[in-house]
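Taking it in order: structure first as structure tokens, then the write-up.
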Amino acid sequence: MSYEGPEDEAPQPRSRRALTITFAALVPVVLLGWLAYSALGEEPDRPASAASPSASAAPGGTGSPSPSAGPLAGKVVLVDPGHNTGNFRHTAQISKQVDIGTGKKECDTTGTATNAGYPEARFTLDLAHRLRALLERQGATVRLTHDGDRAWGPCVDERARIGNTAHADAAISLHADGSAEGNRGFHVIMPGVVHAGAADTRPIVAPSRKLGALVAGGYRRTTGEPFSNYLGDGTGMVTRTDLGGLNLSTVPKVFIECGNMRDKSDVALLTSGPWRQKAAQGISEGIVSFLHES
Ligand code: ZN
């Protein structure tokens, strides 16, 4: 809902248009699109490359055809953009209780926002688009749990189910935290052992731990973002058994809390398009390493 489209489809000031025309004479259109969103920091377009020939035509916009080339050909990655910008307007629907194995929990939550009003759900969807483009370039098939194409949700149990049904080789849920000013840094959340009701994480705990360590390493390397100074005892790694999106997963899955949207140091990073590109790069590198080793 909040996806505003790539910068190069938006009205442009005269100087930028003139610059675009100059470049257009010199570089291929695909490269131009890349340069435009890298430089301007807006949400990326799907690359119009041979690696994703009809991705934008996928039903509902959430699925992608399987690319036929690249080192990750045949691998499926589930990318879950946390929350939904429409959740704020659908509090009745998202507060409905769903079964997460260990008990009941809200279908979904609104997520947080910066003090200036940049919502977590918009951050996560932008990051998801960047991550999808990078993984597809490696030949992976990428599924999103939603693509700004629904009014609210999906519920956390459905988010897990989408990755399970896709038989994802790796799954990641993207978030940013809403903690107190001064609390900063990122952390990766991994599933703990849960065996209750519909939840049985026992087969995914070990591979998820490996995935989490690789994602944390890649993210730290490309962004320079420190490990959380308020969770995880300085390791950047946290294990939880209360998240439906992890409890109900049957495929290796982690969450990443990319930073704290209430801390001004982190906000300066989270609201920067070029920085989000680095974040996507780091997460992608972690997932790619995991898929190569698994
Ligand atoms: Zn969140």
Side-chain angles (χ1 to χ4, degrees), residues 1-3 43 78-91 93-98 100 105-132 144-148 150-160 162-163 171-181 183-192 208 212 215-216 219 223 225 227-228 230-232 236-249 253-263 266-267 269-271 275-276 279-280 282-283:
M1 300 292 285
S2 70
Y3 182 53
E43 305 197 12
L78 186 281
V79 177
D80 175 37
H83 316 284
N84 180 324
T85 54
N87 283 358
F88 287 100
R89 294 185 297 277
H90 294 87
T91 50
Q93 288 93 333
I94 66 165
S95 60
K96 181 177 146 269
Q97 301 285 296
V98 297
I100 66 163
K105 206 162 180 181
E106 299 89 354
C107 151
D108 204 8
T109 53
T110 60
T112 188
T114 67
N115 292 332
Y118 177 59
E120 179 187 356
R122 190 169 164 200
F123 167 82
T124 63
L125 188 57
D126 173 73
L127 187 60
H129 289 153
R130 295 173 189 275
L131 179 57
R132 176 172 63 182
L144 300 190
T145 54
H146 74 98
D147 196 5
R150 45 187 295 166
W152 52 274
C155 296
V156 293
D157 56 340
E158 188 183 347
R159 289 174 189 262
I162 293 169
I172 187 158
S173 189
L174 307 174
H175 290 262
D177 214 351
S179 189
E181 167 72 38
N183 288 344
R184 68 163 304 201
F186 79 98
H187 65 281
V188 171
I189 305 171
M190 299 163 298
S208 299
V215 166
Y219 189 85
T223 64
E225 176 75 347
F227 296 133
S228 170
Y230 61 99
L231 282 170
M237 311 289 281
V238 173
T239 299
R240 287 176 63 171
T241 56
D242 63 324
L243 297 172
L246 293 180
N247 286 3
L248 299 174
S249 184
K253 185 172 184 180
V254 297
F255 279 41
I256 182 166
E257 295 280 1
C258 292
N260 176 16
M261 298 196 99
R262 300 288 180 165
D263 175 78
D266 275 0
V267 167
L269 304 174
L270 296 164
T271 55
W275 186 87
R276 290 196 296 276
I283 295 168

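Read the numbers this way: they start at 1 and go in the same order the structure lists the ligands and their atoms. Index from 1, following the sequence.
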Give the ring-plane orientation class for Phe123 versus Tyr118, where under 30° counts as parallel, over 60° as perpendicular and anything between as tilted. perpendicular

Report yes or no: does Glu257 have an N/O/S atom closer than 2.8 Å to the Zn ion (ligand 1)? no

Under a plain distance cut-off of 3.5 Å, with no hydrogens placed, do His83 and Thr109 share a side-chain donor-acceptor pair? yes

NE2 (His83) to the Zn ion (ligand 1) to ND1 (His175), nearest 10°, is 100°

Would you sort out whether Arg240 and Glu257 count as a salt bridge (charged side-chain N to carboxylate O under 4.0 Å, His left out), showing the intermediate values? CA-CA 13 Å; Arg240 287 176 63 171; Glu257 295 280 1; 5.4 Å; no

Without hydrogens or angle criteria, can the side chains of Tyr230 and Asp177 be said to hold a donor-acceptor pair below 3.5 Å? yes

Name, closest N/O/S atom of Glu120 to the Zn ion (ligand 1): OE2

